[in-house]
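For reference, the structure discussed in these notes is given below.
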2 protein chains.
Amino acid sequence: MREKPLTKRQEEILIFISDHIASVGFPPTRSELSKHFGFRSPNAAESHLRALQQKGVIRIEAGRSRGLTLTALSRPSLPPSNTARTPLPLVGRVAAGSPILAQENIEHEYRVDPSLFSFRPHYLLRVEGNSMRDAGILDGDLLAVHRTPEAQNGQVVVARLDDEVTVKRFKRKGHLVSLLPENPDFQPIKVDLRHQELVIEGLGVGIVRPQLDN
Amino acid sequence: MREKPLTKRQEEILIFISDHIASVGFPPTRSELSKHFGFRSPNAAESHLRALQQKGVIRIEAGRSRGLTLTALSRPSLPPSNTARTPLPLVGRVAAGSPILAQENIEHEYRVDPSLFSFRPHYLLRVEGNSMRDAGILDGDLLAVHRTPEAQNGQVVVARLDDEVTVKRFKRKGHLVSLLPENPDFQPIKVDLRHQELVIEGLGVGIVRPQLDN
DNA sequence: GTTTATACTGTAAATATATACAGTATTGGG
DNA sequence: CCCAATACTGTATATATTTACAGTATAAAC
């Protein structure tokens, strides 16, 4: 029961620290924090750390380099996949009408270090077909997906259209969305948001190819 | 399996480091090591660390405070407390003249469920260049490599030629080996085994793409 | 409408830390 | 016996890191 909740930025900082410990093996310095977040002053990081300490989610050991530790309080605010301990579900074929992460869609769970990916993945989705071939995403690849309803132009998205789940490159102009394949053999899908419902299930943040077919 | 076993003292040092990480939350400094063991010189600790690194049980990140991490090799000599799966080393640029898995080439280690791949990987190799683009292997991808000197025609191999490490498709006819790119912009490499030495470092068994560039 | 907290830039300095160099002593192996 | 590896002392220094001080700007809180 924390008195004050973390701000969005503070949460980002906390998650970075947690990831750094999990993947690199020790906590980051102020300067490393600054570099990652683009701060031009190490004091920006320092202030954030003070705030996080004030709110009880981290401890700072004075005078010790990298003297940051997470407290018990920090756990709840961290996303569930923050450590390598929580497995990534592999979603195979998505049954019509069911949420992507519904039990029936989950084939298996794999333990994958989330820090492997530049963006935190929430699940793996088996890609079907070769519509994204020229982006290096092949049939059978596992797409690491970050769950979010927001997408920017040019990003690879997992979208749901008429209960079909598809992986395409996202492009939006006003209320017109194009789902672009990366393969000349396929046609772009055009959606008018006024007449058709389009749900962005998440962003593609990486690929795992379980085998190289020879 | 280690060539040279740790000395008793080295084992003590290793266990202290491991305990420190587990209980304090980050690795110790040379001075903290010295204080604990009663060394009057930080160089005593430094030497021990070098020895441990030499024997492959820890990694030292140059210039970073507390930049110590345990490697997969350290596990057998540690008490069974924190048993995690053995991590996959990520090999970045391979320095000329050094074995692929030499300490200096290992950028990081990731815990990745080996069952994710159809064939058991031994390490990840960062792919440079786009010579395998049409096989869906892009610049920056991490190739999961199974260490073996045997290759069959058509397999994706990690080969070493003139101290250069390269990823290509393997084709052999008698004493003539072709290393085939999968990109028309690149030329096949032909090697006559009677005149040139070619070492097969391993087989590509999968891909991890840490980010989708948009 | 003046605080208060957040979110930073910019500079500077104390000090923590890594690490080189020069030694000493001991041990076990060839 | 001599060499190489181990296990340290002692000193020094470059640099990594923490951390203080002085600001600016913005949004929410009172």
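When reading the values below, keep in mind they use all heavy atoms of this one structure, side chains included, and skip hydrogens, waters and symmetry mates. Below, chains carry the letters A, B, ... as their sequence lines are ordered, and counting in each starts from 1.
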Here the distance between atom P of D:dT17 and atom CD of A:E46, to the nearest Å, is 14 Å
Interatomic distance where CG belongs to A:L68 and C1' belongs to D:dT17 [whole Å]: 11 Å
Grab the two heavy atoms, one from B:F170 and one from B:A151, that are nearest each other, plus how far apart they are. CE2-O, 3.7 Å
Categorize B:S65 for me: base, sugar-phosphate, or nothing, with a 4.0 angstrom heavy-atom threshold over every strand shown. sugar-phosphate
To the nearest Å, give me how far apart CZ (B:R40) and C1' (D:dG10) are. 11 Å
Verify the distance criterion only: is there a donor paired with an acceptor across the side chains of B:S34 and B:R40 at less than 3.5 Å? no
A:S41 side chain, from C-beta outward: closest of D:dT19, C:dT19, C:dT9: C:dT9
For B:A51, answer base if it contacts any base atom (sugar-phosphate contacts may also be present), sugar-phosphate if it contacts only those atoms, and nothing otherwise; contact means non-hydrogen atoms under 4.0 Å. nothing
Does D:dT17 have its OP1 or OP2 closer than 4.0 Å to a side-chain nitrogen or oxygen of A:R30? no
Tell me whether the OP1 or OP2 atom of C:dA20 has a side-chain N or O from B:R50 closer than 4.0 Å. yes
Indicate whether OP1 or OP2 belonging to D:dT17 is found under 4.0 Å from a side-chain N or O atom of A:R64. no
Spacing between B:F26 atom CZ and D:dT17 atom C1', to the nearest angstrom: 13 Å
Using the side-chain heavy atoms of A:A62, tell me which of these nucleotides is nearest: D:dT17, D:dT19, D:dT9. D:dT19
Is it the case that more than 12 heavy atoms not belonging to A:Q53 sit under 6.0 Å from its CD atom? yes
If you only use heavy atoms from C-beta on, which nucleotide in D:dT17, D:dC8, D:dT11 is closest to the side chain of B:P42? D:dT11
Pick the nucleotide of DNA chain D nearest each of B:R9 and A:E32; which residue has the one closer to the 5' end? B:R9
Within this structure, what is the CD-to-C1' distance between A:E61 and D:dT17, rounded to whole angstrom? 15 Å
Establish, with yes or no, whether the OP1 or OP2 oxygen of D:dC8 is under 4.0 angstrom from a side-chain nitrogen or oxygen of B:H48. yes
Please report, rounded to the nearest Å, how far the P atom of C:dA20 is from the CG atom of B:L49. 12 Å
On a heavy-atom basis, the closest approach of A:R66 and B:F26 is O-CD2, 3.4 Å
On a plain distance test, is the side chain of B:N43 in donor-acceptor contact with the base of D:dT9 below 3.5 Å? yes
Apply side-chain hydrogen bond (donor to acceptor under 3.5 Å, both in side chains) to A:R59 and A:T69, showing your working. CA-CA 5 Å; A:R59 221 167 319 112; A:T69 41; 3.2 Å; yes
Starting from P on D:dA5, measure out to CD on B:Q10 and report it in whole angstrom. 12 Å
In whole Å, what is the span from the CD1 atom of B:I13 to the C1' atom of D:dC8? 11 Å
